[in-house]
Amino acid sequence: MTTLNIHQRLHAAMQEVTYVQKEKKNGMNYTIVSHDAVTAKVRPVLVKHGVVYYPVDLVPAQDGNRTEVIMKVRFANIDDPSDFIDVPSMGYGIDSQDKGPGKAISYAVKYALLKALGLETGDDADHDSVEHEKPKPAAKPVVVSKGATKGSDPVIKANLSPQHEAFIDHLKEDVTVHAASVLHARQMWKDQQKTIDEIKRESPLAYAELVNWFKAFTETKLPADAA
């Protein structure tokens, strides 16, 4: 083991873990790859091969109750601390209290682990035995009629900036995982009103889809608040 450098150790780890299964938690109509799932899969293998990892060069920024971080995750050889590689990453966390920094760091670490080890993710455990389809030619821009709502999500997202697409995905995941009640969920929504208003101006259809999702989620998946 002591003769292996950090690249060889990571290569050995990559041979043992190639896939992290997505999760569908209560209240979700979509799947996610959680920080805990990635850590549970990767940590034992890295420990076995003598690799430790930790955040370095963290640069945080605060926008209301959204914490953003740009950082690196260092993978170091336990037998030679000067032998390491740094993987750039970034993330952000939405929270109405004080958990935003932790969420942002966890998000950034999760994606650094996925990218450093080249891990696949999917909806089922035998996903990596399925041939990947070649990407189809880019479709021409599609104009959606004013009344279109159901089933129009791909077109809606095509009309949004990548930043707002990512924001919607993060907001859904954050509310689904962390909102403890309808009141809490509404506060999380209120905290991000500035960005939600930007989405409304950019794409009324995307805004309507997001509002409908939030309403359905809070009405059917969260406990009612005490009067």
Side-chain angles (χ1 to χ4, degrees), residues 1-58 60 67-81 83-95 99-133 135 165-180 221:
M1 175 65 70
T2 57
T3 62
L4 299 181
N5 62 38
I6 186 61
H7 293 89
Q8 292 168 322
R9 293 171 189 241
L10 287 176
H11 178 258
M14 292 174 70
Q15 295 181 69
E16 292 193 30
V17 54
T18 61
Y19 178 86
V20 179
Q21 186 170 357
K22 288 186 177 181
E23 303 171 86
K24 188 171 184 180
K25 297 190 176 183
N26 292 337
M28 288 185 175
N29 55 4
Y30 57 96
T31 56
I32 64 169
V33 178
S34 70
H35 169 269
D36 288 351
V38 175
T39 300
K41 195 84 170 183
V42 169
R43 182 180 179 277
V45 179
L46 292 179
V47 170
K48 174 183 175 181
H49 292 287
V51 178
V52 295
Y53 65 91
Y54 48 89
V56 295
D57 298 337
L58 191 151
T67 306
E68 303 175 2
V69 296
I70 299 175
M71 54 181 273
K72 298 174 183 176
V73 175
R74 176 163 296 177
F75 294 82
N77 181 344
I78 63 170
D79 295 310
D80 180 6
D83 178 26
F84 63 83
I85 63 171
D86 289 340
V87 177
S89 190
M90 63 183 299
Y92 68 80
I94 302 169
D95 192 78
K99 298 181 179 64
K103 292 179 182 179
I105 293 172
S106 293
Y107 190 90
V109 170
K110 174 180 71 174
Y111 277 99
L113 291 172
L114 291 174
K115 300 309 177 185
L117 296 179
L119 299 178
E120 293 188 41
T121 61
D123 292 325
D124 53 78
D126 56 358
H127 173 76
D128 48 6
S129 66
V130 179
E131 289 293 327
H132 290 251
E133 295 183 0
E165 284 187 32
F167 171 83
I168 288 176
D169 290 339
H170 284 299
L171 180 62
K172 285 184 175 182
E173 179 178 341
D174 211 45
V175 170
T176 302
V177 174
H178 298 288
K221 303 299 181 182

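Just so it is clear, the model here is predicted, and its values are computed rather than measured. Throughout, numbering of the chain's residues begins at 1 and tracks the sequence.
Within the model, atoms NZ of Lys41 and CG of Leu119 stand 9.0 Å from one another, a figure rounded to the nearest 0.5 Å. Annotation: the span from Met90 atom CE to Met71 atom CE amounts to 11.5 Å, rounded to 0.5 Å. Between the OG atom in Ser89 and the CD1 atom in Ile70 there is a gap of 10.0 Å [rounded to 0.5 Å]. The line from CD1 of Ile105 to CG of Leu58 is 5.0 Å long, rounded to the nearest 0.5 Å. Distance check: His7 NE2 to Asp83 CG gives 8.0 Å after rounding to the nearest 0.5 Å.
Here the shortest heavy-atom pairing between Val69 and Ala108 reads CG2-CB, 4.2 Å. Scanning all heavy atoms of the two residues, the minimum distance from Val73 to Ala112 falls at CG2-CB, 3.5 Å. Across every non-hydrogen atom of Val109 and Pro55, the tightest pair is CG2-CG, 4.3 Å.
The aromatic rings of Tyr92 and Phe167 sit parallel to each other, their planes meeting at less than 30°, with 60° as the upper class boundary.
Side-chain contact between Glu16 and His49: present, with at least one pair of heavy atoms (C-beta onward) separated by less than 4.5 Å. For the pair Leu171 and Ile94, the minimum side-chain heavy-atom distance is below 4.5 Å. The shortest side-chain heavy-atom distance between Val42 and Leu117 falls under the 4.5 Å cut-off. Put simply, the side chain of Leu46 does not reach to within 4.5 Å of the side chain of Arg9, judged on heavy atoms.
At distances below 3.5 Å, at least one donor-acceptor pair connects side-chain atoms of Gln8 with backbone N or O atoms of Asn5. Side chain of Asn77 to main chain of Leu4: a donor-acceptor pair is present (N/O by atom type, distance under 3.5 Å, no hydrogens or angles).
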Kindly determine whether Leu10 and Ile85 satisfy side chain to side chain contact (heavy atoms under 4.5 Å, CB included), including the steps that lead there. CA-CA 10 Å; Leu10 287 176; Ile85 63 171; 3.3 Å; yes

Kindly determine whether Asp174 and Tyr107 satisfy side chain to side chain contact (heavy atoms under 4.5 Å, CB included), including the steps that lead there. CA-CA 11 Å; Asp174 211 45; Tyr107 190 90; over 6 Å; no

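Contacts of Asp57 classified as salt bridge (charged side-chain N to carboxylate O under 4.0 Å, His left out), with partners at least two apart in sequence or in another chain: Lys72. Considering only residues two or more places apart in sequence or on other chains, Lys110 meets the salt bridge (charged side-chain N to carboxylate O under 4.0 Å, His left out) condition with none of them.
The side chain to side chain contact (heavy atoms under 4.5 Å, CB included) with Ile6 is formed by just one residue from the set Val51, Asp80, Asp79; it is Val51.
A cation-pi contact, defined as under 6.0 Å to the ring centre and within 45° of the axis, links Arg74 to Phe84.
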